[in-house]
Amino acid sequence: MRQLPIDILSGLPYGCVYGLLALGLVMGYRTSGVLNLALGAQGFLVALFFNAAIDAGWSPLVSFVVWVIVFGPFVGIALDRLLFRHVRGAPVVVQLVSVLGLLIAIPSLASVLAGSTSPSPHALILAPSSVYAHLGGYAISGQAIVTVSITAVVLALLSYLMHFSKLGLYMRLVVESPKLAELSGIEAERVGALAWGLSSLLAGLAGVLIVPILHQVSSFSLTTLVVAATAAAAVGGLTSLPLTMTGALLLGITQQIIAGFAPTSAQWTQGLRPSLPFVILGLALIFHPRLTHLAGRSDPMAGINPPVPSLDVVRRQVRKGRNSRWVVGLGATFAIAVVALNVTDAWAFYLSQGASYACIFLSITLLNGTGGQISLSQASFAGIGGFVTAQLAIHFALPVGAGVFAGALGAGIAGFIVAIPSSRLEGLGTALVTLAFAMLADSLLFPLSWMGNGGTGVILPRPQFGSISFNSSRLLLLFVLVFLAGLSWFVVWIRESRLGLEALAVSSSRRGAKAVGLSDKRVSISIFTLSAAIAGLGGGIFAITDQSISPNDFNSQYSFVFLVPGMGLGSRTVYGALVGGFGYVIVKQLLSTFAPQSFGILVPLVVGVLAISWVLHPEGIIERQHRYMAQLKSFFPKKGLVAASK
Amino acid sequence: MTINSPPELRENSSKKDQPLLIVDNIEASYGPFRALFGVSFTLNYGSSTALLGPNGAGKSTVARVISGLIRPSKGHIYFKGDEITGKDTWRIERLGVAHVPEGRGVFASLTVEENLKVFLSNAVPKKLIGEKIDEAYSFFPRLKERSFQKAETLSGGEQRMLALSRALVAPPVLLIADELSLGLAPIVSQEVWSSMDEIRKKGTSILVIEQNIDRAKTFADNVVELSRGKVVESSST
Ligand SMILES: Nc1ncnc2c1ncn2[C@@H]1O[C@H](COP(=O)(O)OP(=O)(O)OP(=O)(O)O)[C@@H](O)[C@H]1O
Ligand SMILES: [Mg+2]
């Protein structure tokens, strides 16, 4: 038992960093209803600049004031101006895509600007690893002292601000109804900007403090910390600052205790420590009474906003008649034959990879376009599909073709398990459950030896049907394209089936659907499960194309990346999903062939801009094209009318 | 109970018959829907105008345009001689325009007392807030009983009382009351109307939107009647 006090003490600095991030999350969420998962990216940005400046010879104190105290809040205020204030009250999907866009874009921009991709650890006040004191066998390092004392100061200032200044009260009203707040003479936008500035300051502090603790910090590791901090924020119901901070400290300490007690021999116990926050997040979402109704209070002044342009009009334009569908089908068959027989082997490989991504985008089309749901774990489902395919192929010699369907089944089962809690929740809650699952898949599931082979991945052969072997990528492409065409048809068929119509009803009004006797849970679980299975198919196709699959092919980051083009290209159309899948690999290949090396780092920036453009035009880029065409047509009056008016 | 009039309001009485609010040829839309087609009227210092018209005529829209919640696509609004068209709502509020919107108009997640604090925080000096809150309670004793209850748990009528109390205890220069007595019991409604009379005497100018035409006509000096986004009649009573 002598170990326990030491674990508690050594968990404290982690708890503090979680706490700073979690408070930042709650601060932003309370004033704008946006859960800013990009907070880690902001912290990364500040940490990068702070340490780069010290590398360049600045004194740590000057760098701290300039980058953390001044620049940090500035980032938050700028983001509020650019983005957050425009998505206040927007649908959760829109908010999520906007923060995911930032999460993807900021680190790439930061790395270009700072000229490095990982901040070098620097001391803030005390030398990080020197031991300054001993407390019952625990060596107190400089970094521990700095982290804990800075957090304590921040907490004191923050509680003063929230309880004794008007800001705390104003923040609560602004999230409920900015218009009503303005009618009371409160400058709602400034309150929002202030909250985002504070939130960003906290993120910067967390970034600067965590670097010497972890030594090697990437933007991804900070994002993982933010998701872990979300668990603490969830403990506080996304509103209470004291509960959030308590949750964060307990989280940091419990993780240390687990690390101290769990045997290091087994694979799964090693995953226990990193996965604890995501388990807590999942449990909080299921049991916290506040979180099961995250849809929030409605703004009493919502009646003032003009109606959102209906998508039905667009959809009717997109939907072609049955005759033209035959034409599309024939055209597609012809195109598949031409492409598959004429491309080079290398391009056949890339295109068949594109087909696997198209599958994953199709799963988003089904989930969001038809079901109105959001998922941040589509990549994890794809990963499960891929691993099951691969493992069955190498251990049970199952024909790889059949393995793909077994993989889809596995992903579908995982989807079903995630769908049960998520169907009870609304909006952001659903997104967070899937996020927790994605992080668990990363830390617990994929490293398992019978899944991702302990993190190293699995190598598998190409399929073989009797005497036909798919070792030629062209043959594989032909097969995959035909399969994809079938899958596209299936997604369209689902959309127009009874289930699809029920899902549409549920997504437009849960209560309304319930009132007419539809089981909203049955419908949303069915759609979610199907969608997970389709993503699993995508993973399987990826695995047999690549002849290998590793956890890094489908980690949680990919779920974020997939969601952005998935939504941006028009989540409602199959066409958009196909353009997304093939476009993704084609652009990637063209860039790596023709563009200079440094260009690659800018790709995330483009994705981020795409996300933000979608946020401002949520109907999707491809659907927008259709709308522009329709508008253009309406400018030219029909001939008959012109003749009649003459 | 007494209602103190701030100095600013006292000096208003000297400006009687000068225009306080000029609404000049306003057009406004909600997205593609046009709601107002050139609305004009004037409201003088210390006077009261009733804005009448059938449902959907555009009465609330006029109120929203004045308080800056909606930007007009055409036309001008002048308040105390200055143009306020397109200004932010909070700036217009600080000039002395209090808009009590239709519907609940209170912060559901805040308690009754916090709501009052917020409503008054910019309208009266900090020292006086406590006093003014007590004044509001003496006006609506029901609110005092529920002072630490969240506003979302109040009945519809109680929420209206809460929303109106701000204007009653800290009379603004211009009060815009949308659906003033909707949902209030007759006795309470009677009280609210008489308090309106009282704050008018202190110098507040009032633009009132009301479905009870007779009540509005006996109260107001002028009547502006809207229909389908246009002024169809403008007269003094
Ligand atoms: N948010 C909105 N989006 C679209 N149209 C709106 C919106 N709010 C109001 N309208 C339309 O504008 C017109 C005027 O509405 P307004 O609320 O001003 O009417 P009103 O005279 O206050 O009616 P009531 O007596 O019912 O309150 C109506 O036709 C209404 O349908
Ligand atoms: Mg109205």
Side-chain angles (χ1 to χ4, degrees), chain A residues 29-31 33 85 89 162-194 237-240 290 293-311 313 618-619 627 630-631 634, chain B residues 28-35 60-61 63-71 87-111 113-124 126 129 150-152 156 159 163 166-167 170 172 176 178:
Chain A
Y29 182 76
R30 273 175 39 159
T31 35
R85 75 173 50 166
M162 301 308 286
H163 291 285
F164 298 100
S165 78
K166 281 185 196 161
L167 186 69
L169 184 60
Y170 285 2
M171 273 174 52
R172 275 200 285 156
L173 3 149
V174 168
V175 67
E176 190 179 327
S177 173
K179 291 209 167 78
L180 202 52
E182 294 242 325
L183 281 182
S184 313
I186 294 158
E187 195 180 346
E189 308 222 302
R190 214 173 73 185
V191 174
L194 251 161
L238 291 182
T239 37
S240 158
R290 230 196 150 95
H293 294 288
L294 264 187
R297 287 187 186 83
S298 58
D299 181 350
M301 307 292 283
I304 295 182
N305 301 325
V308 181
S310 157
L311 281 171
V313 185
E619 71 270 29
R627 185 174 293 187
Q631 274 176 356
S634 68
Chain B
S29 315
Y30 296 94
F33 301 107
R34 234 356 221 295
S60 300
T61 310
R64 291 164 183 173
V65 167
I66 296 170
S67 63
L69 290 171
I70 298 178
R71 290 199 173 168
K87 274 201 178 175
D88 288 333
T89 301
W90 63 274
R91 280 187 205 282
I92 295 176
E93 196 271 353
R94 293 197 185 175
L95 290 174
V97 178
H99 174 183
V100 180
E102 70 185 331
R104 329 193 236 124
V106 296
F107 294 104
S109 65
L110 265 55
T111 64
E113 187 137 341
E114 284 171 332
N115 264 290
L116 287 171
K117 240 182 235 166
V118 169
F119 290 152
L120 294 170
S121 62
N122 292 301
V124 300
K126 206 172 173 183
I129 288 184
K150 290 232 162 120
E152 64 191 340
Q159 294 189 6
R166 180 250 132 117
I176 304 171
D178 197 348

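The chains referred to below are lettered A, B, ... by the order of the sequence lines, with proteins before strands, and numbering in each begins at 1.
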Subject >> Inter-residue atom distance B:R91.CZ - A:E182.CD, 0.5 Å rounding >> reply: 10.0 Å
**OP:** Taking atom CZ of A:R190 as the centre, report whether more than 12 heavy atoms of other residues, nucleotides or ligands fall under 6.0 Å from it.
**Re:** no
Original post:
Roughly how far, to the nearest 0.5 Å, is the CG atom of B:N122 from the CD atom of A:E187?
Top reply: 10.5 Å
Original post:
What heavy-atom pair brings B:R94 and A:I186 nearest, and what distance separates the two atoms?
Top reply: NH2-CA, 4.5 Å
Original post:
Would you say B:T89 and A:K179 make side-chain contact, with heavy atoms under 4.5 Å?
Top reply: no
Original post:
Looking at B:S60, B:A123, B:S121, which has the largest count of heavy-atom pairs under 4.5 Å with chain A?
Top reply: B:S121
**OP:** Let me know if B:V106 has heavy atoms under 4.5 Å from chain A in its side chain, its backbone, both or neither.
**Re:** backbone
Original post:
In terms of heavy-atom proximity below 4.5 Å to chain B, should A:L180 be classed as side chain, backbone, both, or neither?
Top reply: both
**OP:** Taking all heavy atoms of B:E93 and all of A:L183, pick out the closest pair and write down the distance.
**Re:** CG-O, 3.0 Å
**OP:** Determine the minimum heavy-atom distance between B:W90 and A:G185, stating which atoms define it.
**Re:** CB-C, 3.8 Å
Original post:
So which part of B:I70 gets closer than 4.5 Å to some heavy atom of chain A, the side chain, the backbone, both or neither?
Top reply: side chain
**OP:** Find the one option among B:L120, B:V100, B:V118 whose heavy-atom pairs under 4.5 Å with chain A are most numerous.
**Re:** B:V118
Original post:
For B:T61, is it the side chain, the backbone, both or neither that has a heavy atom under 4.5 Å from a heavy atom of chain A?
Top reply: neither
Original post:
Between B:G68, B:G103, B:G105, B:S67, which shows the greatest number of heavy-atom pairs under 4.5 Å with chain A?
Top reply: B:G105
Original post:
Roughly how far, to the nearest 0.5 Å, is NE2 of B:H99 from OG of A:S184?
Top reply: 11.5 Å
